[in-house]
Amino acid sequence: MKQGTIMRGIQRVVIRRRSFASNRLFELPVSKRFLSTTRITNERVLLLGSGRVAQPVVDRLAGNNGVQLTVASADMPSAEKLVSGTSANTVYLDANNTDSLKGLIAQNDLVISLLPPPMHCGIAQVCVEEKVNMLTTSYVSPELQALSNEAQQAGITILNETGLDPGIDHLAAMSIINHVKDQGGKIDSFVSYCGGLPAPDCADVPLQYKFSWSPRGVLSAGLNSATYLNNGQVVNIPSGRLFSNASPLNPEDYGFTITNNNKKLEGLGLGNIPPGRLFRNASPLNPEDFTIINNNKKLELEGYPNRNSLIYADVYGIPEAKTVLRGTIRYQGFSSVMDAFERLGLFNTDVQLLLQECDTITWNQLLSMLIHGNFDDTNTGVEEHNPKIKDEVHQLVNDNRVVDTMERLGMFGEAIVTKSHFTIIDSFCDLLQSQLSYKAGECDMVLLGHSFKSKFANGDKYAHTATLELLGTPHGKTAMEVTVGVPCSIAAELMLAGEVSSGQGVIRPIEKSIYEPMLTLLGEAGINVDIAHSKVQD
């Protein structure tokens with residue numbers, strides 16, 4: 001096994017791990033050390049999907065002599081490119097063809113699905129019927145969870161959430177939680193932020209964000225609701241209000257001490273958010289959570305809540321926690337721009353008659369009609385070019401960054417609106433993708449930060465942090481594909497070697513028998529989760 005070769009060129013910052021019991025370096029447990037080269041023999045793996053995150057999976061598994069890897073895809077050119085120079089095979093598959101899917105799954109010992117999450121349930125059902133273990137990087141949906149008993153009865157395990165977020169975040173969280181519990185403590189607070197961003201020197205656009213995949217996922221996330229626990233109070237944020245109501249975080253709450261030339265890096269986080277205000281709920285994070293800097297300039301970040309955080313009190317076994325929050329990281333100002341876009345109507349998911357009927361329409365004309373209230377299901381006529389649209393937008397949003405971003409996107413001029421699915425949001429996604437994609441040689445960045453507070457029976461209190469920082473490689477792999485693909489491939493090795501037993505049904509990587517060896521192997525592959533503990537003085 002050529003472990004670590006797929007990480008060549010990935011830059012990282014390593015922080016020493018310290019235990020609160022003493023000043024000894026904190027060492028992750030390695031008692032369950034996994035030896036892939038000796039424990040995997042003649043195992044057949046079916047990889048469904050040939051997107052970007054599949055490359056690290058192919059590189060690692062195809063490099064294992066005990067694995068016979070087949071990549072199944074409806075996009076054969078991308079599949080052939082994916083396996084070029086490896087021992088892996090390819091096969092054409094329309095995943096919606098149940099008979100073809102069933103025939104392929106029956107020939108393998110493990111199925112890895114990197115297809116869109118809505119397809120996982122159908123694939124899982126076939127895996128149950130054929131008694132074949134399955135692995136995904138996606139969240140466990142209610143529909144997939146409902147298959148758990150059937151999977152157990154079939155004697156298989158469906159291991160999910162093995163990417164970055166969800167994935168590495170679970171491994172780091174459970175390592176700290178169980179470390180605290182083993183020493184008799186209880187978790188009082190858990191706050192976590194994760195996100196993919198342009199590397200600081202590549203964030204050279206007003207939005208300070210670029211897209212390596214379809215923007216639809218990012219925009220759709222803004223339409224989600226979110227729920228979290230803050231100081232014992234449940235905070236509910238209804239759908240469509242994610243980017244509003246920023247509030248500051250106290251950096252000392254995280255216990256971070258890293259500075260840049262004695263200059264603290266300023267960021268954003270979250271506080272109390274009234275119902276109905278989700279995308280306007282970005283708030284300053286403390287950049288001392290992270291060590292990557294922007295050429296001696298302060299790295300300004302913000303965060304907003306992600307989905308339903310309440311379930312993690314149960315998933316992580318910390319029902320006593322008074323604060324439980326999982327959020328998304330962006331550069332500061334992102335949320336205010338996205339909130340303005342939402343208020344302007346650019347996230348509208350309805351099919352528009354005008355987009356179906358008109359020959360062409362520019363973004364200038366569409367914006368003018370949205371602002372003037374003339375864009376509805378009954379209007380099929382296009383307004384004339386509006387030379388004052390920039391001033392009208394500025395007067396409406398009163399935010400220079402919003403106006404600068406829209407100007408950078410060409411929305412005030414003659415840029416033509418595509419008719420993707422005849423919806424405004426999809427047309428807007430096309431525009432974002434065309435104007436805000438990564439250029440050749442530009443890099444992304446992944447940031448993951450956990451902040452815990454714990455209490456002990458003797459009254460002692462501690463702060464704990466877990467930090468992951470990776471920069472992508474110029475003209476090479478992105479940090480996002482590495483931090484999703486590598487843990488997925490490691491989880492696959494654990495399943496193939498019998499380290500993850502069959503017959504467990506639908507599970508996450510939250511047991512010691514899974515997260516300990518995964519953290520160890522991630523470190524060997526160059527993905528280091530940096531853990532620190534410090535006593536809090538009253």
Side-chain angles (χ1 to χ4, degrees), residues 164-165 169 191-224 226 228 237 241-249 254 265-271 273 277-290 292-294 297-307 309 325-342 346-347 399 401-402 404-405 408-409 428-429 432-433 436-438 442-449 451 467-472 478-480 483:
L164 167 64
D165 177 5
D169 57 344
V191 178
S192 173
Y193 289 97
C194 184
L197 302 165
D201 59 344
C202 300
D204 53 356
V205 293
L207 186 60
Q208 291 188 287
Y209 192 84
K210 294 183 179 181
F211 300 91
S212 54
W213 285 283
S214 170
R216 183 61 189 266
V218 175
L219 270 60
S220 295
L223 301 176
N224 289 338
Y228 65 95
I237 304 170
R241 309 304 295 271
L242 181 62
F243 291 119
S244 61
N245 294 326
S247 58
L249 289 179
Y254 287 85
L265 304 180
E266 296 178 357
L268 289 176
L270 273 170
I273 302 171
R277 311 290 292 177
L278 185 55
F279 253 142
R280 298 167 206 164
N281 284 283
S283 53
L285 295 176
N286 176 18
E288 289 184 347
D289 298 352
F290 310 102
I292 295 176
I293 61 173
N294 181 11
K297 296 180 181 179
K298 292 186 289 186
L299 187 64
E300 297 181 340
L301 306 170
E302 68 182 23
Y304 51 84
N306 184 14
R307 304 193 185 205
S309 297
L325 168 65
R326 298 174 78 252
T328 299
I329 291 176
R330 295 288 184 257
Y331 284 118
Q332 192 171 124
F334 173 88
S335 295
S336 64
V337 174
M338 299 303 281
D339 178 57
F341 288 162
E342 183 181 354
L346 297 175
F347 288 11
D399 188 325
R401 181 173 288 187
V402 174
D404 290 345
T405 300
R408 169 68 172 75
L409 293 171
F428 188 47
C429 286
L432 292 172
Q433 182 113 47
L436 295 180
S437 293
Y438 285 88
E442 289 189 331
C443 300
D444 69 332
M445 173 176 67
V446 162
L447 297 178
L448 166 63
S451 176
T467 307
L468 169 64
E469 302 164 291
L470 284 177
L471 292 171
T478 67
M480 183 60 71
T483 51

Sequence neighbours left out, what passes salt bridge (Lys or Arg N to Asp or Glu O under 4.0 Å) with [X]? Give chain and number order.
| X | answer |
| --- | --- |
| D204 | K210 |
| D444 | none |
| R401 | none |

Requested in this report: Begin from the C-alpha positions of E342 and L223 and carry the test side-chain contact (heavy atoms from CB on, under 4.5 Å) through to its verdict.
Outcome: CA-CA 9 Å; E342 183 181 354; L223 301 176; 4.2 Å; yes
Query raised in the report: Going from OG1 on T478 to CH2 on W213, what distance comes out if it is rounded to the nearest 0.5 angstrom?
Result: 4.5 Å
Does any part of the side chain of [Y], heavy atoms only, come nearer than 4.5 Å to the side chain of [X], both counted from C-beta?
| X | Y | value |
| --- | --- | --- |
| T405 | F341 | yes |
| L436 | L409 | yes |
| M445 | P200 | yes |
| F428 | P215 | no |
| L197 | L301 | yes |

**Report entry** ring-ring contact (aromatic ring centres under 6.0 Å, His included) partners of Y209, counting only residues at least two apart
**Finding:** F211, F334
Over all atoms of both residues, closest heavy-atom pair of [X] and [Y]:
| X | Y | value |
| --- | --- | --- |
| S336 | D399 | OG-OD2, 3.6 Å |
| R326 | S309 | N-OG, 2.9 Å |
| Y331 | A203 | CE1-CB, 3.7 Å |
| Y193 | G303 | CE2-CA, 3.8 Å |
| G472 | C443 | O-SG, 3.4 Å |
| L471 | A479 | C-CB, 3.9 Å |

Query raised in the report: Do the side chain of E302 and the main chain of S335 share a donor and acceptor less than 3.5 angstrom apart?
Result: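 Yes; at least one donor-acceptor contact below 3.5 Å.
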Query raised in the report: Is there a donor-acceptor contact under 3.5 Å from the side chain of Y228 to the main chain of V191?
Result: no
Report task. Could you check S192 against L448 for side-chain contact (heavy atoms from CB on, under 4.5 Å), going step by step and ending with a plain yes or no? Result -> CA-CA 8 Å; S192 173; L448 166 63; 4.1 Å; yes
Report task. Kindly write out the residues that satisfy side-chain contact (heavy atoms from CB on, under 4.5 Å) with S214, not counting sequence neighbours, or none if the list is empty. Result -> R216, Q433
Query raised in the report: Pick from D169, L164, D165: which one makes a side-chain contact (heavy atoms from CB on, under 4.5 Å) with L468?
Result: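 That would be L164; it is the only one of D169, L164, D165 passing the side-chain contact (heavy atoms from CB on, under 4.5 Å) with L468.
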Report task. Walk me through it: do R330 and V337 pass the test side-chain contact (heavy atoms from CB on, under 4.5 Å)? Result -> CA-CA 12 Å; R330 295 288 184 257; V337 174; over 6 Å; no
